[in-house]
Amino acid sequence: MRIQRITILAGHYGSGKTTLAVNLALALAKEHALAKEHRPQKTRPYVALCDMDIVNPYFRSADAAKLLKAGGVELISSRYANTNVEAVWAPVEALRVFDDAGLSSVVDLGGDDAGALAIARYADRLRAREDAALWMVINPYRPLTRDIDSLREIRREIEAAAKLPFAGLVNNANLGAETEAETIRGSLPLMNDLSRALDLPVLMTAARRDLAEELSDIENVFAVDCFTKNEWRID
Amino acid sequence: MAEKVLMKGNEAIAEAAIRVGCRHYFGYPITPQTEIAAYMSKLMPRIGGTFLQAESEIAAINMVYGASAAGKRAMTSSSSPGISLKAEGISYLAACDLPAVVVNIQRCGPGLGGIQPSQADYFQAVKGGGHGDYRSIVLAPSGVQEMFDLTAQAFDLADEYRCVVILLSDGILGQMMEPVDISAVSDNSANWNKSWALTGTGGERKPNIVNSLWIVPEELEAMNLEREKRYRKIEANEARWEEFRTQDADIVVVAYGAAARVAKNAVQGAREAGLKAGLLRPITVWPFPKKRLEALADQAKAFVCAEMSLGQMIEDVELAIRCKKPVLLSARTGGMVPTPEEIMEKIKEAERGSC
């Protein structure tokens with residue numbers, strides 16, 4: 001799987017963009033660290049996760065700050081009110097995503113067209129370059145994104161707001177803690193139909209790490225660890 | 001067949017309301033409940049329902065008043081500061097014996113406060129909130145499936161007792177996502193004959209009147225006493241709760257909503273440490289499960305009330321057990337969420353104090 005230097009995640013709210021963004025950035029950092037080991041003199045690569053979520057103040061990439069730091073990922077996010085407020089702004093450091101050629105970035109947008117708006121101000125720069133891609137994250141078990149027509153509409157709304165076209169789809173099918181391998185397999189027919197209907201490739205299928213091996217026959221399975229707050233999780 | 005989707009608590013509320021025949025939703029955006037309005041705005045137009053973003057919370061609750069007076073299932077939702085604005089309307093609904101569902105996805109206060117979760121509107125919900133002698137049934141879900149189930153039941157309770165039912169939830173439950181089976185409920189709104197509703201006489205009957213103004217004290221007292229009988233019936237029939245490992249418990253933790261999730265983990269931790277702890281989780285906080293708590297007071301050495309407010313529900317716990325046993329408070333406020341360890345410390349303290 002080829003990850004662009006600037007990978008931007010957009011999609012319906014609650015589709016799992018933040019969890020994916022954190023995992024993608026950590027995976028990228030790991031790759032870079034390995035490359036560095038082999039060619040220490042050549043590389044000065046580093047990876048950033050840029051939180052541009054202007055919609056949801058509750059579950060955010062900042063919750064994974066320690067994890068990201070330990071994994072060698074720089075977190076670029078709003079510091080206002082501990083990121084607890086849905087302020088309509090992007091941190092000035094976000095410009096490094098575009099200007100720092102040594103930086104690989106995963107950009108986490110907020111949900112729906114309202115969230116995609118945050119990237120529109122950079123759309124001209126992004127359209128002009130080949131190493132950037134906008135990905136559409138989809139969880140077909142979410143109540144409002146269970147069919148092709150709804151997803152087509154959300155695609156249209158997000159592309160209009162972002163002023164950017166999607167490069168492909170990410171299948172993030174899950175039922176939270178109740179996800180099983182069959183949950184993910186069950187989403188494949190819809191995702192294939194959707195891929196044809198929207199004329200966009202399925203770039204990867206995300207699966208919780210303990211399920212990824214069982215699903216290795218699916219093309220581009222991406223193993224994901226969950227990091228969300230768990231004081232109130234009941235097993 | 002079970003039909004599972006991954007939902008936010010806020011979405012589960014909206015979906016449940018639609019499924020049981022609510023076609024009239026009036027609201028005004030406020031974090032952390034805005035997904036309810038967003039969901040309604042997407043779905044209501046598709047099914048011939050009404051979604052209306054009012055000019056204010058006060059307007060929204062009075063639109064509920066109108067729709068309910070016309071015999072329709074109606075709902076509004078907000079978060080703490082917005083519920084304060086709705087208090088007048090809730091009192092009017094109660095005075096007119098109109099059924100309605102009001103959702104409070106609590107955030108921290110007082111004032112504008114912040115947008116993180118809290119349970120500090122407990123007094124407001126269970127002790128009135130608006131003016132006058134009235135009660136609202138108050139349901140306190142503790143998971144996303146229960147947000148769905150209790151919303152569906154809230155409409156039934158409202159129609160059955162012709163009162164306001166408040167769904168008292170919080171930002172954690174509104175925002176968190178869990179799988180939900182949405183297939184179990186259906187539109188049963190036709191089960192209630194609303195002969196009192198303002199539906200037009202068609203020249204066939206005397207007009208119905210919905211009114212909360214009673215100038216003659218004797219008449220108003222009679223009205224209030226009549227309604228009070230209904231409240232007593234609700235207290236006798238509708239108290240609900242869940243228990244976890246209370247059978248042999250020396251220390252009983254009492255917690256509702258999101259705090260009960262943390263408390264359950266604390267009880268589990270206490271048990272692993274050899275302490276006989278249990279949890280009583282009120283599902284209705286009005287009516288409060290008084291009788292069961294009083295019975296537990298004969299068995300337990302002490303109680304711990306765990307709440308995301310500075311000692312509100314603890315008053316009801318002390319009243320319920322007639323102060324027979326000590327009640328310790330485990331409290332966080334201002335948007336802070338307790339940890340299982342904090343509550344466990346209180347359980348240990350209660351154990352030490354009662355030896």
Side-chain angles (χ1 to χ4, degrees), chain A residues 12-19 53-60 63 80-88 110-115 138-147 149-150 153-154 157 172-180 182-184 186-187 226 228-235, chain B residues 2-12 14-15 18 31-32 34-35 38-39 42-43 46 107-108 114-117 142-145 148 170-182 244 257-266 268 308 332 335-343:
Chain A
H12 180 48
Y13 73 87
S15 57
K17 294 175 294 297
T18 300
T19 304
D53 186 344
I54 57 168
V55 177
N56 189 332
Y58 263 74
F59 298 105
R60 313 203 50 147
D63 299 335
Y80 179 62
N82 290 325
T83 82
N84 276 342
V85 171
E86 59 279 63
V88 186
D112 291 334
D113 44 347
I138 295 162
N139 178 0
Y141 290 98
R142 294 276 295 132
L144 298 184
T145 59
R146 297 164 82 191
D147 58 80
D149 285 344
S150 312
E153 181 63 11
I154 285 175
E157 289 169 355
N172 190 35
N174 76 87
L175 278 171
E178 288 183 22
T179 309
E180 293 169 7
E182 285 316 303
T183 315
I184 295 170
S187 71
C226 297
T228 40
K229 303 169 188 171
N230 59 5
E231 298 97 307
W232 51 80
R233 169 166 294 165
I234 300 176
D235 296 317
Chain B
E3 183 188 3
K4 284 215 167 171
V5 287
L6 186 69
M7 292 183 126
K8 286 192 171 211
N10 285 337
E11 296 169 329
E15 181 70 36
I18 288 170
T31 303
T34 300
E35 289 86 358
Y39 201 90
K42 283 238 175 196
L43 264 67
R46 292 185 203 164
R107 58 188 253 184
C108 43
I115 59 174
Q116 293 299 319
S142 190
V144 180
Q145 182 71 54
F148 183 86
D170 66 70
I172 291 173
L173 294 163
Q175 293 295 326
M176 70 185 284
M177 291 170 82
E178 284 180 336
V180 183
D181 178 2
I182 58 173
F244 174 65
R261 298 173 72 94
V262 186
K264 194 172 185 183
N265 290 333
Q268 242 153 359
M308 282 148 61
R332 293 304 296 263
M336 297 301 291
V337 179
T339 62
E341 292 73 27
E342 278 167 42
I343 300 174

Query raised in the report: Hey, are the side chains of B/E15 and B/L43 touching, using non-hydrogen atoms and a 4.5 Å cut-off?
Result: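 Contact flag for B/E15/B/L43 side chains = yes.
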
Part of [X] lying under 4.5 Å from any heavy atom of chain A:
X      : result
B/M7   : both
B/K42  : side chain
B/Q175 : both
B/E35  : both

Report task. Taking only Lys NZ, Arg NE, NH1 and NH2, and the carboxylate oxygens of Asp or Glu, determine whether B/E3 and A/R146 approach each other closer than 4.0 Å. Result ->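 So B/E3 pairs with A/R146 through a salt bridge.
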
Query raised in the report: Between A/N139 and chain B, which part of the residue has a heavy atom less than 4.5 Å away: side chain, backbone, both or neither?
Result: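 Only the side chain of A/N139 comes within 4.5 Å of chain B.
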
Query raised in the report: Which bit of A/L175 is near chain B, if near means a heavy-atom gap under 4.5 Å: side chain, backbone, both or neither?
Result: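 Contact with chain B involves both backbone and side-chain atoms of A/L175.
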
Requested in this report: Might you point out which heavy atoms bring A/H12 and A/L144 nearest each other, and give the distance in Å?
Outcome: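 Answer, listing the atom of A/H12 first, then A/L144: NE2-CB, 3.9 Å.
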
Report task. Could you check which of B/P117, B/A259, B/G114, B/G143 has the highest count of heavy-atom pairs closer than 4.5 Å to chain A? Result ->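 That would be B/P117.
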
Report task. Would you please name every residue forming a salt bridge (charged side-chain N to carboxylate O under 4.0 Å, His left out) with A/E178, sequence neighbours left out? Result ->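 Listed in chain order: B/K4.
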
Query raised in the report: With no hydrogens and no angle check, is any side-chain donor or acceptor of A/Y141 less than 3.5 Å from a backbone partner on A/T179?
Result: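 Flag not set: sc A/Y141 to bb A/T179 has no pair under 3.5 Å.
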
Query raised in the report: Hey, does the side chain of B/R107 reach the backbone of B/G171 with a donor-acceptor pair shorter than 3.5 angstrom?
Result: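 Here the side-chain-to-backbone pair does not exist.
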
